[in-house]
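Below is one structure, written out as structure tokens; the observations come after it.
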Amino acid sequence: MAISDLKLPQGVSAHAFKSPVLLAESLALNVAKHLSDAIEAQGTATLVVSGGRSPVAFFQHLAKQALDWSNVVVSLADERWVPVEHADSNAGLLKKYLLQGPAAKAQFLSLYSASANLEQAADHADRLLSELPVIDVLVLGMGDDGHTASLFPGSPNLAEALKADGTRRCYPMLAPTVPRQRLTMSRALLASAKHKILSISGQSKLTTLDTALAGDDVAALPIRAFLQPTLEIYWCP
Ligand SMILES: O=C(O)[C@H](O)[C@@H](O)[C@H](O)[C@H](O)COP(=O)(O)O
């Protein structure tokens, strides 16, 4: 199927690119524009990004954008509960590819803490996130199973974390794959972002999106929580 076959609701738009590099370049320009507009309007800008493997090129392009990085706060939609030195750490990924050069001046707000257990780490991140300014730009990813951030179908805290009007900012979650212990921003916090973007690649994710658009059980496919105004979808094969 093609991205133009998706039956997108009003307020949800899609951009298709021929390659991951072209997507990364365009996404970086779009995000940088929103961040510089926010800095101009309010003095600071807040960016929340996702981890995984596919955002590397986007991070590298974004790091090259001329921005007043010292006035940018960066955080993660979700984190694996591993120290920053661990190969699976999203904070580690960010430090390696985004918070480099001038972008190293950005303030990074980490969800990870070396607490006694995952629940305590989530409580710690929840408190810390009360200091997070309004999110100007959110970049989500999505798995083939319809998870986004670390809102995984079947995870014990999913129903709570998916509450549209919830006040908690961070939840402990269990992923189906290692590292299983995750920390995720709640749906309510993620949805409060002013500009929401979903960046995905590959045919299988288009199929997941098509299935998600055809139903409304958010717990079955948590990405459904974000397929509503306003969302920009970036896709490449
Ligand atoms: O820490 C994580 O794993 C992510 O934040 C996760 O939600 C990711 O965005 C999706 O799993 C898609 O990952 P890819 O874009 O690498 O396929």
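All heavy atoms count here, side chains included; hydrogens, waters and symmetry mates do not. In listed order, ligands and their atoms are each counted from 1.
Protein residues with a heavy atom under 4.0 Å from ligand 1 are Ser50, Gly51, Gly52, Arg53, Ser54, Asp78, Arg80, Asn90, Gly141, Met142, His147, Ala149, Arg182, Lys205.
Using a 4.5 Å heavy-atom cutoff, the side chains of Asn30 and Val137 are not in contact.
Defined by atom type and a distance below 3.5 Å, a donor-acceptor pair is present between the side-chain atoms of Ser70 and Asp68.
Put simply, CG on Asp37 and NZ on Lys194 are 10.5 Å apart, with the number rounded to the nearest 0.5 Å.
A distance-only check finds a donor-acceptor pair linking the side chain of Trp235 to the backbone of Gly202 [under 3.5 Å].
Ring orientation note: the planes of Phe152 and His147 are tilted relative to one another, at an angle of 30° to 60°.
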Which pairs would a plain distance check flag for residues 161-170, meaning a side-chain donor or acceptor within less than 3.5 Å of a matching protein atom at least two apart in sequence or in another chain?
{"residue": "Lys163", "atom": "NZ", "partner": "Glu160", "partner atom": "OE2", "Å": "3.3"}
{"residue": "Arg168", "atom": "NE", "partner": "Cys170", "partner atom": "O", "Å": "2.6"}
{"residue": "Arg168", "atom": "NH1", "partner": "Asp123", "partner atom": "OD1", "Å": "3.2"}
{"residue": "Arg168", "atom": "NH2", "partner": "Asp123", "partner atom": "OD1", "Å": "3.0"}
{"residue": "Arg168", "atom": "NH2", "partner": "Cys170", "partner atom": "O", "Å": "3.1"}
{"residue": "Arg169", "atom": "NH1", "partner": "Asp126", "partner atom": "O", "Å": "3.3"}

